[in-house]
There are 2 protein chains.
Amino acid sequence: MAEPRQDRSRVTRQRLLEAAVDCLAEVGWTGSTVSVVAERAGVSRGAAQHHFPTREDLFTAAIDYVATERVNSLRSGLPAAPTVALVVEAIGEMYAGKLFKAALQLWVAAASDGQLRDQVVPLETRVGREAHRWAVEALGADESRPGVREVVQATLDMARGLGLANLLTDDSKRRSRVLAEWAEVLERVLA
Amino acid sequence: MAEPRQDRSRVTRQRLLEAAVDCLAEVGWTGSTVSVVAERAGVSRGAAQHHFPTREDLFTAAIDYVATERVNSLRSGLPAAPTVALVVEAIGEMYAGKLFKAALQLWVAAASDGQLRDQVVPLETRVGREAHRWAVEALGADESRPGVREVVQATLDMARGLGLANLLTDDSKRRSRVLAEWAEVLERVLA
DNA sequence: TTTCAAGCATGCACGCTTGATTGTTTCTCC
DNA sequence: GGAGAAACAATCAAGCGTGCATGCTTGAAA
């Protein structure tokens with residue numbers, strides 16, 4: 001899809017994508033109808049249809065948007081004094097926000113939709129790789145030592161699990177306790 | 001809902017519930033229409049409607065069914081010689097099967113459906129509690145020691161995260177490596 | 001055996017979403 | 001300033017899922 005020429009168009013397009021992400025996080029995949037997204041974006045359904053002829057077009061773009069935003073939030077989020085505890089906490093936050101909720105909806109929808117799956121899987125592996133690299137760097141981990149790579153991955157997987165637990169109820173208090181304890185264990189392992 | 005009088009009825013009802021779980025795991029929440037579930041169960045749509053007048057009735061029963069099945073699979077799954085590695089592996093399996101996939105669909109659907117959420121949350125907390133108790137017992141962990149409780153929870157959360165990663169692609173090889181490494185760490189922590 | 005209720009099957013109407021078509025406004029470039 | 005394209009708005013037909021209403025079949029009790 002070519003880059004639009006008018007500024008107004010770019011704005012509308014951007015608003016549609018952001019609205020799509022918001023809707024994904026709040027009303028889920030099937031709840032995010034074109035009408036709902038358009039209304040949230042403050043544009044008419046016809047306008048949405050102009051930019052994205054089909055619903056599939058809209059959400060393939062939205063999936064890309066979610067992936068890049070998640071990577072961006074990684075890049076800008078490295079704490080100044082990266083103690084292990086702070087890094088672990090940051091990883092926890094990464095799987096607790098709106099973007100994670102939106103991505104979760106996409107994963108689950110993609111699990112039973114081959115078309116969508118082919119869109120989501122490559123982007124998700126890319127995000128996962130970036131997150132891993134970020135974590136290794138932030139933790140100052142030496143991946144050449146056996147087991148270190150797996151423990152870093154375990155940290156990310158645990159954060160994902162905590163994020164999932166945080167989906168239905170506010171699990172932040174428990175998450176903090178678990179992450180704090182994990183940070184101590186992780187620090188000993190990495191030392 | 002009263003217990004049906006005829007055996008045939010109980011069988012049909014059971015088949016519908018099992019089909020509902022299968023469909024949840026395979027085609028997702030919105031894909032699991034009454035027609036699809038009924039066809040999979042080998043009964044007509046009318047029969048399904050007789051047992052569960054509305055779709056909501058069907059899936060409220062299915063949610064209960066999933067919860068009890070998950071608890072049952074816990075109870076029957078304790079390894080004979082519970083080394084830490086075996087227990088961790090068993091926990092990993094727990095979040096890799098069909099029941100987990102079905103439950104995942106329910107969680108995500110419940111995230112944007114207040115009605116469903118009220119059904120799912122209490123059952124899920126119960127399953128979580130059972131799983132935690134089972135893990136503590138199987139690991140022989142001493143929860144009176146500070147931090148032990150959190151580490152056990154972290155193990156379960158990590159398994160949940162790994163299960164999520166296993167949703168779109170076959171992640172079993174990576175999971176085995178991560179779990180094996182974590183088992184070693186966990187053993188040292190619990191000692 | 002008869003009878004009646006439970007179990008089961010079928011068809012229809014309603015609401016919703018999507019994608020296409022057509023008409024209207026706004027911007028850009030000549 | 002005007003022509004033409006891009007952006008936006010409104011309406012229509014088609015498909016799908018649900019719920020209801022209506023018959024038919026089976027089994028158990030009198």
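Everything quoted here is computed from the prediction, not taken from an experiment.
- Computed from coordinates, the F52(B) CZ to dG19(D) P distance equals 14 Å when rounded to whole Å.
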Take H132(B) and E137(B) through the side chain to side chain donor-acceptor pair (under 3.5 Å) test and state the conclusion after the steps.
-> CA-CA 9 Å; H132(B) 182 81; E137(B) 185 186 347; over 6 Å; no
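- Rounding to the nearest 0.5 angstrom, the gap separating the CD atom in Q105(B) from the CH2 atom in W29(B) is 10.0 Å.
- Atom NE2 of H50(A) and atom P of dT22(C) are 17 Å apart (whole Å).
- Per the geometry, CD belonging to Q49(A) stands 17 Å off P belonging to dG23(C), to the nearest Å.
- Regarding contacts with the backbone of dC8(D), a side-chain N or O of H51(A) is found under 4.0 angstrom from either OP1 or OP2.
- Distance E56(B) CD to dG19(D) P: 8 Å, rounded to the nearest Å.
- For the pair R174(B) (side chain) and E150(A) (backbone), a donor-acceptor distance under 3.5 Å is absent.
- Using a 30° and 60° split on the angle between ring planes, W107(B) and F100(B) fall in the perpendicular class, above 60°.
- Whole-Å rounding puts the R10(B) CZ to dA6(C) P distance at 15 Å.
- Taking atom CG of L58(B) as the reference point, atom P of dG19(D) lies 10 Å away to the nearest angstrom.
- Between L16(B) atom CG and dG7(C) atom P there is a gap of 13 Å when expressed in whole angstrom units.
- Once rounded to the nearest 0.5 Å, the distance linking CD of Q153(B) with CE of M158(A) reads 11.0 Å.
- Here CZ of R160(A) is found 10.5 Å from CG of L104(A). Values are rounded to the nearest 0.5 Å.
- For the pair T12(A) and dA7(D), the criterion of a side-chain N or O lying under 4.0 Å from OP1 or OP2 is not met.
- Between atom CD1 of residue I91(A) and atom CG of residue L179(A) there is a gap of 9.0 Å, rounded to the nearest 0.5 Å.
- Toward the 5' end of DNA chain C, the nearer of the two residues G46(B) and G31(A), judged by each one's closest nucleotide, is G46(B).
- Checking dG19(D), dT18(C), dA10(D) against every side-chain atom of R55(A), the shortest atom distance belongs to dT18(C).
- Sorted by residue number, the members of residues 32-45 of chain A with any non-hydrogen atom under 4.0 Å from DNA chain C read T33(A), V34(A), R45(A).
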